[in-house]
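Not measured: the values here are computed from a predicted model. Both backbone and side-chain heavy atoms feed into the values below; hydrogens, waters and symmetry mates do not. One-based numbering along the sequence shown. Whatever order the structure lists them in is the order used to number ligands and atoms, beginning at 1.
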Amino acid sequence: MTSAPLAAVTGAEGFIGSHLTEALVASGHRVRAMAQYNSFSSYGWLETLPSDVLDQVEIVLGDVRDPGSVRGLLDGADCAYHLAALIAIPYSYQAPHSYVDTNVTGTLNVLEAVRALGTPRLVHTSTSETYGTARTVPITEDHPINTQSPYAASKAGGDRLADSYHASFGTPVVTLRPFNTFGPRQSMRAVIPTVIGQVAAGQRTITLGDLRPTRDFTFVEDTARAFLAVGTAAAEQVVGRTFNAGTGGEISVGDLVALIGKVMDAPLDVQEDSARLRPAASEVMRLVADATRLTTATGWRPASTLEEGLARTARWFTDPANLARYKTGIYNI
Ligand SMILES: C[C@H]1O[C@H](OP(=O)(O)OP(=O)(O)OC[C@H]2O[C@@H](n3cnc4c(=O)[nH]c(N)nc43)[C@H](O)[C@@H]2O)[C@@H](O)[C@@H](O)C1=O
């Protein structure tokens, strides 16, 4: 009897990582999940997954900045999914060294472990932010890279390392470039949970930063399925390639607020807080995915409309049990 394939996941305790862990288990994988040690001794969102999922998950403490723990995580894995990253764009203006340590050196450590161990496949996580403000929409993978924040630069640095390892050593890496992912368990600092939280608290005037940027908001279960699709597709379809993952839909932040109001049955006004504005040349004004390459190679298509995803997200964030978890602070990852 052959045992279930083993997937090693960095960042498994985070927002997208925890959904990917569930999707991997549902599709018959065992998961070895790296959780970062912190003084709360928490395994982040992994702790909240149902026990029939956790039965298939081995949690190991580690940190992508530590080459030894990355190697231990990947040892014997059939596929590695590298999602651990610092992700908040505004904080990257304050602490750029931390972003390079985790997002660039951390990725280098994963690539080195894959090379040393001969891991059959690595799925590396990029971001739509690497494109900067779109010159043409929808954005294909051939769009120029234009990094407008230290965060985007650190992610592009990891992407370039991944490309160079494929070219130099034949490392079997696939790069997935998710557009704005949202859903249950997202950090309360992201725009959709911010608005839902304000509405749930009874506010009808919503205070945000810039209302003009447009984004392609993609429901987290669709993003998780995109990871699984590139992790399991035939090697010749995906290895050495970069794939956008997004719906192709476009909505401004201002119109998004109105849509959340519709979904939550609460007519909303919106006001701008200048303290929340990003430096003007750093804000990415337009991001919309062309995911044709991913659909052609793997058959992936988004299953949720924005409205359906928002409704599920609003239901989750208005459940007091879920909100209470954020009060500890340790789930804000
Ligand atoms: C793809 C990308 O996705 C995420 O980055 P994000 O785009 O910052 O995500 P978000 O959903 O919080 O913002 C969407 C838009 O909304 C604008 N916006 C206005 N006013 C507020 C506001 O008050 N709060 C927030 N959070 N955003 C605001 C903000 O300026 C931006 O234009 C990260 O996961 C990142 O890791 C990543 O890679």
Participant: My understanding is that we take every heavy atom of each candidate and find the minimum distance to atom 33 (C) of ligand 1. Doing that for Thr218, Ile87, Thr214, which one comes out nearest?
Facilitator: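 Among Thr218, Ile87, Thr214, the closest heavy atom to atom 33 (C) of ligand 1 belongs to Ile87.
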Participant: Under 4.0 angstrom from ligand 1, any heavy atom of Tyr151?
Facilitator: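 Checking ligand 1 against Tyr151, which is what was asked, there is a heavy-atom contact under 4.0 Å.
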Participant: For Gly231 and Tyr81, work out which heavy atoms get closest and say how close.
Facilitator: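 Scanning both residues completely, I find the closest heavy atoms to be CA-OH, 3.4 Å.
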Participant: Of the listed options (Gln198, Arg177, Glu283, Arg212), which comes nearest to atom 30 (O) of ligand 1 when hydrogens are ignored and any heavy atom counts?
Facilitator: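 Shortest heavy-atom distance from atom 30 (O) of ligand 1: Glu283.
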Participant: Tell me: protein heavy atom nearest atom 19 (C) of ligand 1, and distance?
Facilitator: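 Here the closest protein heavy atom is Asp210 O, 3.1 Å.
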Participant: Report, as yes or no, whether the 6.0 Å neighbourhood of atom OH on Tyr91 holds more than 12 heavy atoms from other residues, nucleotides or ligands.
Facilitator: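 Atom OH in Tyr91 is not crowded, with 12 or fewer foreign heavy atoms closer than 6.0 Å.
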Participant: Apply the salt bridge (charged side-chain N to carboxylate O under 4.0 Å, His left out) test between Glu129 and each candidate in Arg215, Arg177, Lys155; give the one that qualifies.
Facilitator: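 Among Arg215, Arg177, Lys155, the one that satisfies the salt bridge (charged side-chain N to carboxylate O under 4.0 Å, His left out) with Glu129 is Arg215.
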Participant: Among Met188, Arg215, Gln186, which one puts a heavy atom closest to atom 31 (C) of ligand 1?
Facilitator: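 Looking at heavy atoms only, the winner is Arg215.
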Participant: Show which atoms of ligand 1 fall inside a sub-4.0 Å distance from at least one heavy-atom site of Pro213.
Facilitator: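 Reading through ligand 1 atom by atom, the close ones are 32 (O).
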Participant: Considering distance alone, does some N or O of Asn180 sit under 3.5 Å from an N or O of ligand 1?
Facilitator: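 Yes, Asn180 has an N/O under 3.5 Å of an N/O on ligand 1.
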Participant: Need the ligand 1 atom indices (1-based, order shown) with element for anything under 4.0 Å from a heavy-atom of Val253.
Facilitator: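 Counting atoms of ligand 1 from 1, those under 4.0 Å from Val253 are 15 (C), 16 (O), 17 (C).
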Participant: If you count the non-hydrogen atoms of other residues, nucleotides and ligands that lie under 6.0 Å from CZ in Arg204, is the total more than 12?
Facilitator: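 Result for CZ/Arg204: enclosed.
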Participant: Out of Arg189, Arg286, Lys155, indicate the one that has the non-hydrogen atom closest to atom 25 (C) of ligand 1.
Facilitator: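 Considering heavy atoms of Arg189, Arg286, Lys155, the nearest to atom 25 (C) of ligand 1 sits in Arg189.
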Participant: Is the number of heavy atoms from other residues, nucleotides or ligands under 6.0 Å of Arg276 CZ greater than 12?
Facilitator: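 Counting other residues, nucleotides and ligands, CZ of Arg276 exceeds 12 neighbours.
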Participant: For Ala190, take its heavy atoms, then give the atoms of ligand 1 lying under 4.0 Å from any of them.
Facilitator: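 Counting from 1, the qualifying ligand atoms are 12 (O), 26 (N).
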Participant: My understanding is that only one of Thr218, Asp216, Asn180 makes a side-chain hydrogen bond (donor to acceptor under 3.5 Å, both in side chains) with Thr247; could you say which?
Facilitator: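 Of Thr218, Asp216, Asn180, side-chain hydrogen bond (donor to acceptor under 3.5 Å, both in side chains) with Thr247 is met by Asp216 alone.
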Participant: Looking only at side-chain N and O atoms, does Thr107 offer a donor or acceptor that is under 3.5 Å from a partner on His82?
Facilitator: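 Short answer, yes.
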Participant: Considering only non-hydrogen protein atoms, determine which one is nearest to atom 20 (N) of ligand 1 and report residue, atom name and distance to 0.1 Å.
Facilitator: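 Result for atom 20 (N) of ligand 1: Gly209 N, 2.8 Å.
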Participant: Can you name the atoms of ligand 1, numbered from 1 with element, that are less than 4.0 Å from a heavy atom of Ile89?
Facilitator: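 Answer for ligand 1: 5 (O), 6 (P), 8 (O).
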Participant: Would you mind listing which atoms of ligand 1 come within a distance below 4.0 Å of any non-hydrogen atom of Ser128?
Facilitator: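 This gives 1 (C) as the contact atoms.
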Participant: Of all the non-hydrogen atoms in the protein, which one sits nearest to atom 22 (C) of ligand 1, and at what distance?
Facilitator: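 Sorting protein heavy atoms by distance from atom 22 (C) of ligand 1 puts Leu208 CD2, 3.7 Å first.
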Participant: Do Ser27 and His29 get their side chains close enough for a donor-acceptor pair, meaning under 3.5 Å?
Facilitator: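 Looking only at side-chain atoms, His29 and Ser27 do form a donor-acceptor pair, the distance falling under 3.5 Å.
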Participant: For Thr207 and Gln271, does a side-chain donor sit closer than 3.5 Å to a side-chain acceptor?
Facilitator: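 Gln271 and Thr207 do have a side-chain donor-acceptor pair below 3.5 Å.
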Participant: Measure the distance from atom 27 (N) of ligand 1 to every protein heavy atom, then report the residue, atom name and distance (to 0.1 Å) of the closest one.
Facilitator: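 Answer for atom 27 (N) of ligand 1: Val191 CB, 3.5 Å.
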Participant: What I want to know is whether Arg276 and ligand 1 share at least one N or O pair that is separated by under 3.5 angstrom.
Facilitator: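 N/O-N/O distance below 3.5 Å exists for this pair.
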Participant: Hey, is CZ on Arg30 packed in by over 12 heavy atoms from elsewhere, all under 6.0 Å?
Facilitator: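 Buried by this count: over 12 neighbours within 6.0 Å.
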Participant: Do NZ/NE/NH1/NH2 and the carboxylate oxygens of Arg293 and Asp142 come within less than 4.0 Å?
Facilitator: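 Salt bridge present between Arg293 and Asp142.
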Participant: Nearest protein heavy-atom contact for atom 8 (O) of ligand 1: which residue, which atom, what distance?
Facilitator: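 For atom 8 (O) of ligand 1, the nearest protein heavy atom comes out as Arg278 NH2, 2.7 Å.
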